[in-house]
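Shown next, in structure tokens, is the structure this report addresses.
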Amino acid sequence: MPIMPTRPERLHHDLGAVLALARLLERLDPGASERAAAQYRQVASTLGALLDAAEPGPALEALLDAHPAAAELYENLHYAQAGLCRHALGASLGSEIAAVDLIRRARTRR
């Protein structure tokens with residue numbers, strides 16, 4: 001009986017489809033209409049599956065650097081493992097400090 005890997009192997013594929021969907025996602029406005037929102041969800045879902053299967057590396061990093069919506073989707077897919085891995089530490093820390101301050105002020109107003 002062959003030994004099965006404990007986790008699926010990453011797909012080695014051309015990033016052309018990822019690039020095309022990343023560009024399309026940047027152009028779609030999810031608030032334009034119900035039909036546009038459905039299209040946005042479909043593109044985001046398909047792109048998410050491709051990003052999840054893509055092998056990390058310089059080519060993927062360059063693609064994500066050039067396409068913020070795809071980068072945000074990638075980060076959301078990997079949040080459990082890496083947190084806000086694509087955001088600058090200063091911005092992440094600033095957000096956390098602002099949130100703690102807001103919670104503190106809300107508690108003192110009661």
Which heavy atom of [X] sits nearest a heavy atom of [Y], and at what distance?
X     : Y     : value
Leu15 : Leu60 : CD1-N, 3.6 Å
Leu21 : Val43 : O-CG1, 3.8 Å
Leu47 : Ala70 : CD2-CB, 3.9 Å
Ala44 : Leu73 : O-CD2, 3.4 Å

Got a donor-acceptor contact below 3.5 angstrom from the Glu26 side chain to the Ala69 backbone?
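Judged by distance alone, yes, a pair lies under 3.5 Å.
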
Out of curiosity, [X] [atom1] to [Y] [atom2], how far, rounded to the nearest 0.5 Å?
X     : Y     : atom1 : atom2 : answer
Leu19 : Leu50 : CG    : CG    : 11.5 Å
Tyr74 : His67 : OH    : NE2   : 15.5 Å
Leu25 : Glu72 : CG    : CD    : 9.5 Å

Sequence neighbours left out, what passes side chain to side chain donor-acceptor pair (under 3.5 Å) with Thr46? Give chain and number order.
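Residues passing side chain to side chain donor-acceptor pair (under 3.5 Å) with Thr46: Gln42.
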
